[in-house]
Each structure stands twice: as C-alpha cells, then as structure tokens.
Number of protein chains: 2
Amino acid sequence: MTEDQLISILRDSGYKVTPQRLAICNYVLSSKEHPTVEQIHSEILEKNPTISLNTIYQTMDMLIDLGLVQEMRFSGSSSRFDPNTSVHANIICQNCSKIRDFESEGIRELWSRIVMEMNVEPLGQRLDVYVLCDECRK
Amino acid sequence: MTEDQLISILRDSGYKVTPQRLAICNYVLSSKEHPTVEQIHSEILEKNPTISLNTIYQTMDMLIDLGLVQEMRFSGSSSRFDPNTSVHANIICQNCSKIRDFESEGIRELWSRIVMEMNVEPLGQRLDVYVLCDECRK
DNA sequence: TTTACAAATCGTAATGATTACTAACTAGTA
DNA sequence: TACTAGTTAGTAATCATTACGATTTGTAAA
Ligand SMILES: [Mn+2]
Ligand SMILES: [Mn+2]
Ligand SMILES: [Zn+2]
Ligand SMILES: [Zn+2]
C-alpha cells in the first residue's frame with residue numbers, strides 16, 4: 001500500500017493523519033516480524049524520539065478497527081501484530097518465538113473447503129502451527 | 001479418559017494425585033466451554049470451597065505440560081483452556097465469545113495436506129475462525 | 001489566513017490477569 | 001509411623017494493557 005492510499009483510508013474513516021500514525025503504519029504494515037508494541041515503539045523512537053508507547057497502542061487499535069492488522073496474543077509474551085490479514089498460516093517456533101508466514105494457493109483453497117464444510121461466514125481466522133524452527137532444532 | 005487413566009498419567013509423570021487436581025482435571029478435561037480460570041475456579045468452589053485460584057493456574061500449567069490442554073489467549077479477556085488438542089477448528093463468536101469446536105475427517109485430511117505443503121513437523125496448532133454465531137446474528 | 005474545535009498525543013495513574021513467594025500441609029515411600 | 005519432596009492457599013508483586021486528563025494539532029469553516 002502506498003502512503004497516499006493509507007492517507008485516503010484514514011481520512012475516509014474519520015481518522016486524522018498525523019506524523020505519528022504515518023510512521024507507525026509505515027513500519028507495521030510493511031513488517032514481516034509480527035512485532036510487539038515494544039518493538040514498534042523502539043523502532044519508531046529512532047526517528048521520532050518523543051513518541052509515546054500509548055500512541056502505539058492506540059494506533060494499533062485503529063489499525064485493527066480498519067481491518068489492516070490482526071492482533072495475536074500468546075502466553076508468556078505480549079501481543080504481536082500481523083499486517084497480513086489474508087488466509088495464511090503462521091509457523092511459530094516454540095523455542096525462539098520467531099514467526100514465519102506461509103501463504104499459497106493451496107492453503108487458501110483447502111481452507112475455503114474447510115470453511116464450506118463448517119458452513120460459516122468467516123470474519124477472519126488465525127491459523128497457527130507450532131514447530132521448532134531450523135535453527136532451534138540444531 | 002477415565003479417572004484411573006488420568007491418575008496413571010499423573011503418577012507416571014511424577015505429579016502427585018491430590019483431590020484438587022482430580023477435581024480440576026475432571027471438570028476441565030470434560031468441558032466443552034473452553035473455560036477461563038475464573039470459570040473453572042467458581043465451578044470447583046462448589047464442592048471444594050477452599051480451593052485457591054492459584055491452584056487452578058498451577059494445575060493448568062501441569063495439564064499444558066502433560067499436553068492434555070491447550071491455552072488460548074485472546075484480546076479483551078483472560079486465557080481459555082481447550083482439552084481438545086487434536087486437529088480441529090475453534091469457531092469463535094466475535095460478539096459473545098462462545099467457542100464451538102469443529103472436528104471432521106475432512107478438516108484433519110485437509111490440514112495434513114497443508115502441513116505437508118509447509119514441510120514442517122507440527123508440535124501443535126491453533127485453528128480459529130471468527131464469526132457471528134447464530135444467536136448474535138439475529 | 002485565521003479561528004474553532006474535535007480528535008490525537010503524551011505522560012502518568014489505574015487496572016487486572018498472571019506469576020512469585022512462603023508457611024502450612026500432604027501424598028507417596030520406606 | 002515418620003520422613004520428605006511436592007503441593008496448596010493466601011497473599012504480594014509484576015507487568016502488559018487501559019484509562020485519564022492536560023496540552024497540542026489536524027481539519028474545515030469563516
Ligand atoms: Mn502472519
Ligand atoms: Mn477447541
Ligand atoms: Zn526457533
Ligand atoms: Zn455469539
């Protein structure tokens with residue numbers, strides 16, 4: 001998504017466009033790390049040294065409201081945020097907590113069959129697979 | 001699972017068999033509600049009026065260690081515990097938070113294909129579908 | 001451009017679920 | 001029966017998240 005597109009979405013939904021929001025959105029929406037608020041905060045702090053942790057929380061609430069990110073809660077750690085809201089699997093290492101996305105035509109197709117079998121209208125989904133990643137298996 | 005089987009599992013794993021543990025396990029392992037610690041606690045209190053909330057937490061940790069339950073964290077509410085650790089989907093109402101399990105040969109088969117495509121050795125999984133349940137759609 | 005105002009931000013306080021601690025208790029064993 | 005390591009209950013501490021309020025700012029109307 002371009003910055004102009006993002007700005008349109010914010011304005012259309014009645015959200016004001018602020019430098020803080022742009023900085024946070026730019027980082028989060030392009031992130032592959034499924035970052036925590038703390039990670040987002042320390043990243044943004046480098047260029048915007050007065051930004052509040054609270055603003056990160058509020059902006060994540062906004063992004064959730066807009067359907068642009070999904071919150072993922074875990075035991076033993078704080079929430080992580082996923083800008084990929086399409087059907088995909090999160091491959092999560094039980095040891096180091098790294099998360100890798102897996103997306104494919106196959107998984108979308110198979111998941112849509114499962115949804116059909118369940119006979120529901122999904123508003124969203126969370127498909128986690130818990131593994132030991134290659135590094136942690138060594 | 002019978003109580004005798006449960007007792008064997010506890011003993012074999014070096015856990016002592018206490019009345020508190022039996023009461024909690026009997027309730028949780030047969031529950032379909034994906035209960036919270038609070039729900040478990042108030043349920044157990046009726047027959048065991050001095051049981052501590054802390055004991056519920058510790059027993060849940062034990063059940064997780066034994067692989068007999070899975071913890072599910074959510075935004076806006078406390079953890080819920082699922083005694084069904086096999087491959088299944090949790091159909092979760094975004095409005096009233098009720099959770100319904102969906103299990104079938106189809107979903108197990110399709111999920112195993114997805115796992116094959118991902119080329120991982122799963123230690124577990126969490127398949128959530130977010131919906132509005134029949135009641136909440138009215 | 002200036003003004004008005006609702007919304008956003010920041011810093012901090014409050015909340016609440018979870019975890020840590022510890023003295024008293026008990027299941028399992030010899 | 002007596003011993004001991006593990007367990008429990010009660011409570012205190014933690015810490016991620018949410019609530020609050022004074023100040024600032026984006027937006028749109030004048
Ligand atoms: Mn993801
Ligand atoms: Mn379930
Ligand atoms: Zn790892
Ligand atoms: Zn509902």
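For A:Gln58 and D:dT18, the shortest distance from a side-chain N or O to OP1 or OP2 is not below 4.0 Å. Contact between the side-chain N/O atoms of B:Ser79 and the OP1/OP2 oxygens of C:dT18 is found at a separation under 4.0 Å. Contact check, A:Ser78 against D:dC15: no side-chain N or O comes under 4.0 Å of OP1 or OP2. The shortest distance between the side-chain N/O atoms of B:Thr55 and the OP1/OP2 oxygens of D:dA9 is below 4.0 Å. Considering only side-chain N and O atoms, A:Arg21 lies under 4.0 angstrom from the phosphate OP1 or OP2 of C:dT9. Phosphate contact (OP1/OP2 of D:dG10, side-chain N/O of B:Ser52, threshold under 4.0 Å): absent.
In this entry the distance linking CG of B:Leu53 with C1' of D:dA12 reads 14 Å, nearest Å. Taking atom NE2 of residue A:His41 and atom P of nucleotide D:dT17, one finds them 14 Å apart after rounding to whole Å. Distance A:Ile51 CD1 to D:dT24 P: 17 Å, rounded to the nearest Å. Per the geometry, CG belonging to A:Leu63 stands 15 Å off C1' belonging to C:dA8, to the nearest Å. What separates CZ of A:Arg11 from C1' of D:dT27 is a distance of 8 Å, to the nearest Å. Atom C1' of nucleotide C:dA8 and atom CG of A:Asp61 are separated by 13 Å, given to the nearest angstrom. Between the CG atom of B:Leu10 and the C1' atom of D:dA5 there is a distance of 17 Å, given to the nearest Å. Between the CD1 atom of B:Ile40 and the C1' atom of C:dT18 there is a distance of 14 Å, given to the nearest Å.
With the nearest nucleotide of DNA chain D identified for both A:Glu38 and A:Asn54, A:Glu38 has the one nearer the 5' end. Mapping B:Val17 and B:Val37 onto DNA chain C via the closest heavy atom, the residue that lands nearer the 5' end is B:Val37.
The existence of a salt bridge linking A:Asp128 and A:Arg126 is confirmed by a sub-4.0 Å separation between a basic side-chain nitrogen and an acidic carboxylate oxygen. Between A:Glu109 and A:Arg113, at least one side-chain nitrogen of the basic residue sits less than 4.0 Å from a carboxylate oxygen of the acidic one, meeting the salt-bridge criterion.
A donor-acceptor pair under 3.5 Å links the side-chain atoms of B:Arg80 to the main chain of B:Glu33, judged by distance alone. Of the possible donor and acceptor atoms, none in the side chain of B:Ser31 sits under 3.5 Å from a partner among the backbone N and O of B:Tyr27.
B:Pro49 comes within 4.0 angstrom of no nucleic acid atom, judged by non-hydrogen atoms across all strands.
When each of D:dT27, D:dT17, C:dA27 is scored by its nearest atom to the side-chain atoms of B:Lys16, the top-ranked nucleotide is C:dA27. Considering only side-chain atoms of B:Gln20, the nucleotide from D:dT8, C:dT18, D:dT18 that sits closest is D:dT8.
When the side chains of ILVMFWY residues are joined at heavy-atom separations under 4.5 Å, either directly or via intervening members, A:Tyr130 and A:Leu127 end up in two distinct hydrophobic clusters.
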